[in-house]
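To start, the structure under review is shown below, and the notes come after it.
Computed from a prediction, not measured in an experiment: that's the story for all the values here.
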Amino acid sequence: MEQITLLYDGTFEGLFTAIFECYDQKLAKPTICKLQHHTPSIFDQSRFIETDSNKAKRVFGGLVKKISASGLMKLKKAFHSEFEDVDTEIVNYVRYVFSNRINIESDYRQHFILRINQVVKMVNREIHRMHAFIRFQKTADNIYAATIRPDFDVVPFIGRHFHARYADQEWFIYDTKRNYGLHYDLEHLNFVELEDPQWIGKHQFNPSAMSEEEDSFQKMWKLYFDSTCIAERRNMKLHLRHVPHRYWRYLPEKTVV
């Protein structure tokens, strides 16, 4: 059987469709790769796999019978890490699940299981930091908006947290690096994309879109922050450990008044 590379559209469903094709076509050790990451060569044997939700669901349904809900969530979080090696690790993980009768989630002798768990820890850490460091600004339309640029694609995992805390407010979180976001309209959470966002500075909303009182709110918060800070107890090394510099762009108290 010739070695072949299966290409997919970069979605989680697309990856699971490609895994289904591996079994359906009896491909022993195919390479599965996102289309945008593939570099063709002279001897390249590649095939693009159209995403099929039914085929993806069949693979997912098989996994549901073999591993826990947290195990399934780990695969999704690992996928959203966007590491280039993760596709291969997920494929190896799924094949190992289906080739064993017992639950394999804790079999850390397998490098792909260890790697996925390590990646998920990094993704969870980023999710936690988004929970802690996202700051909303009130727009002229009375929507509380925030822009983010996380290390990983964590937007799908932060909605529940903010929905629980701001259920009575309409809010909007947008990932400017991946150009999509999450909008809560007081009833539903929806993924949205802006066609031509006009960002300024470090990919922030234009001040002209903010409400008139937003600037006053931020100045008051900065004054409060400065007044409660004890200069003699400042420990920048410890501070950076808890609030890494790359997250300062989300915090009004870290910008100049």
For Leu35, which fellow cluster members are found when Ile, Leu, Val, Met, Phe, Trp and Tyr are connected by side-chain heavy-atom distances below 4.5 angstrom, either directly or through intermediates? Leu7, Phe48
Any residue meeting side chain to side chain contact (heavy atoms under 4.5 Å, CB included) with [X], in chain and number order, not counting sequence neighbours:
{"X": "Leu186", "result": "Glu170, Tyr184"}
{"X": "Asp107", "result": "Tyr96, Arg109, Gln110, Ile113"}
{"X": "Thr88", "result": "Asn92"}
{"X": "Tyr180", "result": "Asp153, Val155, Pro156, Arg178, Phe191, Glu193"}

Residues at least two apart in sequence or cross-chain that pass side chain to side chain donor-acceptor pair (under 3.5 Å) with Glu13, listed by chain then number, are none
Quick one: [atom1] on [X] to [atom2] on [Y], what's the gap to the nearest 0.5 Å?
{"X": "Asp87", "Y": "Ile19", "atom1": "CG", "atom2": "CD1", "answer": "8.5 Å"}
{"X": "Leu15", "Y": "Leu75", "atom1": "CG", "atom2": "CG", "answer": "9.0 Å"}
{"X": "Met122", "Y": "Gln118", "atom1": "CE", "atom2": "CD", "answer": "7.0 Å"}
{"X": "Met130", "Y": "Phe157", "atom1": "CE", "atom2": "CZ", "answer": "14.0 Å"}
{"X": "Leu114", "Y": "Ser106", "atom1": "CG", "atom2": "OG", "answer": "12.0 Å"}

Those residues that, when tested against [X], pass ring-ring contact (aromatic ring centres under 6.0 Å, His included) (two or more places apart):
{"X": "His128", "answer": "none"}
{"X": "Phe60", "answer": "none"}
{"X": "His183", "answer": "none"}
{"X": "Phe20", "answer": "none"}

With sequence neighbours left out, write down each residue that passes salt bridge (Lys or Arg N to Asp or Glu O under 4.0 Å) with Lys55, or none if nothing qualifies. Glu21
Heavy-atom neighbours of His188 NE2 exceed 12 at 6.0 Å: no
In sequence, state the C-alpha distance, the side-chain angles, and the governing distance for Val59 and Tyr23, and then conclude on side chain to side chain contact (heavy atoms under 4.5 Å, CB included). CA-CA 10 Å; Val59 177; Tyr23 285 96; 5.9 Å; no
Are the side chains of [Y] and [X] in contact, using a 4.5 Å heavy-atom criterion?
{"X": "Phe162", "Y": "Leu189", "result": "no"}
{"X": "Val91", "Y": "Phe112", "result": "no"}
{"X": "Glu84", "Y": "Cys33", "result": "no"}
{"X": "Lys121", "Y": "Asn117", "result": "no"}
{"X": "Asn190", "Y": "Leu182", "result": "no"}
{"X": "Glu50", "Y": "Thr17", "result": "no"}
{"X": "Ile158", "Y": "Ile127", "result": "yes"}
{"X": "Ile4", "Y": "Arg47", "result": "yes"}

Derivation and outcome, side chain to side chain donor-acceptor pair (under 3.5 Å), residues Asp141 and Thr139: CA-CA 5 Å; Asp141 298 325; Thr139 69; 4.8 Å; no
Heavy-atom pair with the smallest gap, counting every atom of [X] and [Y]:
{"X": "Cys22", "Y": "Leu6", "value": "SG-CD1, 3.8 Å"}
{"X": "Leu63", "Y": "Phe16", "value": "CD1-CE2, 3.6 Å"}
{"X": "Ile134", "Y": "Ala146", "value": "CG2-CB, 3.7 Å"}
{"X": "Val123", "Y": "Ser81", "value": "CG2-CB, 3.8 Å"}
{"X": "Ile67", "Y": "Gly71", "value": "CD1-C, 3.9 Å"}

When you look at Tyr8 and Thr51, which way does the side chain to side chain contact (heavy atoms under 4.5 Å, CB included) test go after all the steps? CA-CA 7 Å; Tyr8 74 100; Thr51 298; 5.6 Å; no
For the pair Lys77 and Asn124, evaluate side chain to side chain contact (heavy atoms under 4.5 Å, CB included) and give the outcome as yes or no after the intermediate values. CA-CA 8 Å; Lys77 286 182 176 179; Asn124 282 337; 2.7 Å; yes
I'd like to know if Tyr108 and Val97 are part of one continuous hydrophobic network [Ile/Leu/Val/Met/Phe/Trp/Tyr, side-chain heavy atoms within less than 4.5 Å]. yes
Whether Arg125 engages the ring of Phe152 as a cation-pi pair (distance to the six-membered ring centre under 6.0 angstrom, angle to the ring normal within 45°) should be assessed. no
Between Tyr174 and Asn179 (side chain of the first, backbone of the second, donor and acceptor by atom type, cut-off under 3.5 Å), is there such a pair? yes
When you measure from the side chain of Gln137 to the backbone N and O of Ala145, does any donor-acceptor pair fall under 3.5 Å? no
Full working for side chain to side chain contact (heavy atoms under 4.5 Å, CB included) between Arg115 and Asp85: CA-CA 10 Å; Arg115 171 62 174 161; Asp85 69 317; 2.9 Å; yes
Electrostatic pair Asp175:Arg149 at N-O distance under 4.0 angstrom: no
With Phe136 as reference, evaluate Tyr166, Phe172, Tyr144 under the ring pair (Phe, Tyr, Trp, His ring centres under 6.0 Å) test and give the passing residue. Tyr166
Inter- and intrachain pairs under side-chain hydrogen bond (donor to acceptor under 3.5 Å, both in side chains), touching residues 56-73, at least two apart: Ser68-Ser70, Ser68-Glu105
